[in-house]
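Both ligands and their constituent atoms are indexed starting at 1 by order of listing. Given the structure is predicted, the values throughout are model-derived calculations rather than measurements.
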Amino acid sequence: MTDPSRTPTVAVSNQKGGVGKTTTAINVSGALNELGNDVLFVDLDPQGNATENLGMMEAYDAEPPTLFDCLTDPERRDSVHDIVHDHAEMDVLPSNIDMTAAEPELTLSRRSGEQLALLLERVDDDYDFVVVDCPPNLGNLMDNALYASRNLLIPALAESTSKRAFELLFDHVEALELDYDITISERGVVVNRIDVRKNQATEMVDWINEAFDGVPVWEVRERAAVQKALENGSSLLEYDPECDMCEVFLDVAADLEEQFAAREVEA
Ligand SMILES: Nc1ncnc2c1ncn2[C@@H]1O[C@H](COP(=O)(O)OP(=O)(O)OP(=O)(O)O)[C@@H](O)[C@H]1O
Ligand SMILES: [Mg+2]
């Protein structure tokens, strides 16, 4: 069971690279903010794309303490308060160049998958939602994101290669559930960069809808404004509120609100 007393936390995960994790994480955070939620965005990817997109390169290049220290050294967990950065739409725990050493470092630590959860406990009371942007591999960082969140939002491309990516992801999630005796809930799939002129895209969207029975599937079309918004340091909702894809991200946010409200009622 996900713990309903905890702040709703969602890991935006798919070990396949370039499928729209960062784009989805930033835009869903922007949409949650638009709906009146206080959002903490966690950039767990050592590449730091979201940190750069959100205009925080100085944090990526900063000297310790950084997210790396807070995550890998229990004695420095409290420094997390010092590294939360302000953005117009959300608070941000930025990635840092040192995060490239986090995978091996976490392997050496006790309770290697639980470190992000222990860190977020320090700050998440201040927020309505926590959104974690994951790196593109099935490693310790991804495990930390899944363990801390227990909730999964899966961005994917409308390509046949996505089938194998889903298989690998779910094998991994199942193994983690068994290892830690936890339940991880799929909260939705965001099919990204859809080009409706391609038959393969429509076929894949149909396949995903069938395969993910009972899990919401959203469709984001290929739009220059989506890319430009990130280059401009904000979500699409801030950058181009007229863009037709804003509605999709607002739908995802509203649905997450609903799913988590239902979770509280059940408890
Ligand atoms: N709907 C869209 N329309 C146009 N461009 C998009 C759209 N979604 C994503 N992109 C672009 O696709 C590229 C990959 O997206 P993104 O960085 O979000 O993927 P990712 O899964 O986070 O990648 P990585 O695995 O490297 O972390 C980016 O350049 C992004 O701007
Ligand atoms: Mg990314």
For [atom], what's the nearest protein heavy-atom neighbour? Residue, atom name and distance, please.
atom: atom 29 (O) of ligand 1; answer: Gln227 NE2, 3.2 Å
atom: atom 1 (N) of ligand 1; answer: Arg221 O, 3.0 Å
atom: atom 3 (N) of ligand 1; answer: Arg223 N, 2.9 Å
atom: atom 15 (O) of ligand 1; answer: Thr23 OG1, 3.6 Å
atom: atom 23 (O) of ligand 1; answer: Gly18 N, 3.1 Å
atom: atom 17 (O) of ligand 1; answer: Thr22 CB, 4.1 Å
atom: atom 6 (C) of ligand 1; answer: Arg193 NE, 3.5 Å
atom: atom 20 (P) of ligand 1; answer: Lys21 N, 3.4 Å

Cation over ring face, Arg150 and Tyr180, 6.0 Å, 45°: no
Ligand 1 N/O within reach of [X] N/O, cut-off under 3.5 Å:
X: Cys134; answer: no
X: Ala224; answer: no
X: Thr24; answer: no
X: Asp133; answer: no
X: Gly17; answer: no

Could you tell me, atom by atom, which parts of ligand 1 come under 4.0 Å of a heavy atom of [X]?
X: Gln47; answer: 24 (P), 26 (O), 27 (O)
X: Val19; answer: 19 (O), 20 (P), 21 (O)
X: Val220; answer: 1 (N)
X: Pro136; answer: 25 (O)
X: Asp45; answer: 27 (O)
X: Asn192; answer: 1 (N), 8 (N), 9 (C)

Glu231 heavy atom under 4.0 Å from ligand 1: no
The Mg ion (ligand 2) to nearest N/O/S of Thr22 less than 2.8 Å: yes
Do [X] and [Y] have side chains that get closer than 4.5 Å, going by heavy atoms?
X: Asp128; Y: Leu32; result: no
X: Leu35; Y: Leu250; result: yes
X: Asp244; Y: Arg221; result: no
X: Val220; Y: Phe249; result: yes

Donor-acceptor contact below 3.5 Å, side chain His172 vs main chain Asp143: no
Main-chain N/O of Ser234 paired with Asn232 side-chain donor or acceptor, under 3.5 Å: no
Geometric class of the Phe170/Phe212 ring pair [parallel <30°, tilted 30-60°, perpendicular >60°]: tilted
Per-residue contact class, Asn14 against ligand 1 - non-hydrogen pairs under 4.0 Å: neither
Asp133 and Thr22: side chain donor to acceptor below 3.5 Å: yes
Flag for Ser235-Glu89: side-chain donor and acceptor within less than 3.5 Å: yes
Verdict with supporting geometry, Val196 and Thr202, side chain to side chain contact (heavy atoms under 4.5 Å, CB included): CA-CA 7 Å; Val196 283; Thr202 321; 5.7 Å; no
Result of checking Asp91, Thr7, Asn37 against Tyr127 for side chain to side chain donor-acceptor pair (under 3.5 Å): Asp91
Cluster link Leu256 to Val12, ILVMFWY, side chain under 4.5 Å: yes
